[in-house]
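No hydrogens, no waters, no symmetry mates; every other heavy atom, side chains included, goes into these values. All residue numbers refer to positions in the sequence shown, counting from 1. Indexing begins at 1, ligand by ligand and atom by atom, following the structure's order. Just so we're clear, the structure is a prediction, and the values are computed from it rather than from any experiment.
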Amino acid sequence: MTALKLFNSMGRSLQEFKPLREGQVGFYGCGPTVYNYAHIGNLRTYVFEDLLVRTLRRFGYQVTHVMNVTDVGHLTGDDDTGEDKMVRSAEERGQSVLQIANFYTEAFFNDTDRLGIERPTVVCRATEHIQEMIDLVKRLEKKGFTYLAGGNLYFDVGKFPAYGKLANQKLEDLKAGARIEVDENKRTPQDFVLWFTKSKFENQALTWDSPWGRGYPGWHVECSAMSMKYLGESFDIHAGGIDHIPVHHTNEIAQSEAATGATWVRYWLHAEFLVMDKGKMSKSKGDFITLDSLVDAGFHPLDYRYFCLGGHYRTQLSFSMEGMAQARSSRKALREKILDLRAAAKDKPLPARENLGSAAKDRLGNFDAALAEDLSAPRALAELWQLLKDPSIPPEEMLAVAFDMDTVLRLGLAEVRRIEPGFDPEKVARIEALVSARAEAKKLKDWAKADSIRNQLKDEGVLLEDGPTGTIWKSATTA
Ligand code: AMP
Ligand code: ZN
């Protein structure tokens, strides 16, 4: 297979991917701050990370994917300004921080499951890794990178000459252009908090003992400590949204490399933003679109996945309902095509890659080449369409190649089923309604109701299969 090339934000260039350990990839992606639902902008970034993981697998790597869940320490300003997001959300909703964290963590994975995003190998909560963070901060303190001021422990960026390398900015330029809220305790405006004790954030609900007093960790230190715990002090890939370059990832690098003295991450990948007509979508402002609101508007979650794959991850993607409607009709056309092919291929076995004819082989080769060129999903999707439109390719080859491509695209092509002519449409509608009612019951953890619906359908000869993209049903009268 062609060599995989990725655009490394560190150095701003397209580079051939070479892992630290042969055949293995350690990958860390910054996870959600669980004080609210994820908006579809956040979800775009996670669709991109899923594309990355699936592509790495396709290229033969075994991937260890680690994702954190931020349930403490993330303030409304990434630069330690504002209020604690979790505390504010808990106060607004009259619940504990833990309740808020549990609720939105579950909601997050419910969204990612429906988008066909594979769960990470390791999901780690910040509140369960406080000791690792304290240990890392202690190392920094020992090496002289920290100072205590106003009750908080700060990282002294002036002691780390490479500060700002990822953002391609020198500290002098950053200082000159700083518009950061003045924190009189800081020696340099870019210094950031490693550990909060006495400060303006005294209403923090969760605090822990530490060598610097009872308090809680800064946001950036979470990712450094947790990634090193699960992936080692140097690992292959770190990803996130592009907004994280100037502050969060810049600070993560400074504290990680100051502590270990080694290169922490080799490849940095950043997804561009999903933008709205009105500009940036913001989780903290509250006026944002969620996956559920798209579902309420009549879209399938995978329509949004398709929409995301239509743009390269490094270009801004403009969201619109028209674009979503287009994605929906493309996905519908895809499903219909798959059904036609199924009928045409009858029971012929699907050939393996080496037994494909040259036209199908070429399509698959182009598909891999598109992914190899910095994960070009739009080109990969175009190859799928070209394949399905080529009359010279026999149906069973088309199906084999489409399913193979779908291991990365994850549009649920293999699960598409036709309802046979003559199968009562009213019965179909009733089954679909029961399947949705069961999904709703599962969401509310009403297992008794969910099971009773499953049993009721079973009695009628309808079997349910739960998959990562939802439930599919089969009946004796459907293909
Ligand atoms: P958060 O939960 O706020 O920490 O954000 C989760 C992820 O979503 C981060 O990687 C952000 O960089 C990313 N993100 C935030 N807003 C957008 C957006 N409008 N488009 C794409 N990604 C975003
Ligand atoms: Zn992070």
### Message
Within the 4.0 Å heavy-atom shell around T45, which atoms of ligand 1 are there?
### Response
10 (O), 13 (C), 21 (C), 22 (N), 23 (C)
### Task
List every atom of ligand 1 that sits less than 4.0 Å from any heavy atom of G241, numbering the atoms from 1 in the order shown and giving each element.
10 (O), 12 (O)
### Query
Between T33 and ligand 1, does any nitrogen or oxygen pair lie at a separation below 3.5 Å?
yes
### Stacked cation flag R314 on F7, 6.0 angstrom / 45 deg
yes
### Task
Could you tell me whether the Zn ion (ligand 2) has an N, O or S atom of H249 under 2.8 Å away?
no
## Note on the structure
A student checking ligand 1 against D243 at a 4.0 Å heavy-atom cut-off should list atoms 11 (C), 12 (O)
### Metal site the Zn ion (ligand 2): N/O/S of H238 inside 2.8 Å
no
### side-chain contact (heavy atoms from CB on, under 4.5 Å) against T121, all qualifying residues, sequence neighbours excluded
T64, H65
### Message
So that I can check it, does any N, O or S atom in C223 come closer than 2.8 Å to the Zn ion (ligand 2)?
### Response
yes
### Query
Less than 4.0 Å between a side-chain N and a carboxylate O, is that true for R57 and E118?
yes
### Task
Write the atom name of the N, O or S atom in E252 that is nearest the Zn ion (ligand 2).
OE2
### Query
Can an N or O of G41 be found at a distance shorter than 3.5 Å from an N or O of ligand 1?
yes
### Query
Can you list the ligand 1 atoms lying under 4.0 Å from a non-hydrogen atom of P32?
2 (O)
### Message
For the aromatic rings, using the six-membered ring if either is Trp, is the centroid distance between H238 and H249 under 6.0 Å?
### Response
yes
### Query
Would one find an N or O of L274, backbone or side chain, under 3.5 Å from an N or O of ligand 1?
yes
#### Entry: Y104 ring center near Y35 ring center (under 6.0 Å)
no
### Query
Under 6.0 Å between ring centres, would you say that holds for F307 and F299?
no
### Message
So that I know where these two stand, are W219 and F192 an aromatic pair - ring centroids less than 6.0 Å apart?
### Response
no
### Message
List ligand 1 atoms under 4.0 Å from H39, heavy atoms only on the residue side.
### Response
16 (N), 17 (C), 19 (N)
### Query
Is it the case that R44 places NZ or CZ above or below the six-membered ring of F273, under 6.0 angstrom from the centre and within 45 degrees of the axis?
no
### Task
Flag the pair F17 / Y61 as yes when their ring centroid distance falls below 6.0 Å, and as no otherwise.
yes
### Message
Before we go on, tell me: are the rings of F155 and Y147 under 6.0 Å apart, centre to centre?
### Response
no
### Query
How open is the angle at the Zn ion (ligand 2) from atom NE2 of H248 over to atom SG of C30, rounded to 10 degrees?
120°
### Message
Please compare M276, H244, H249 and report which has the shortest non-hydrogen distance to atom 9 (C) of ligand 1.
### Response
H244
### Task
Could you tell me which atoms of ligand 1, counted from 1 in the order shown, lie closer than 4.0 angstrom to a heavy atom of Y46?
6 (C), 7 (C)
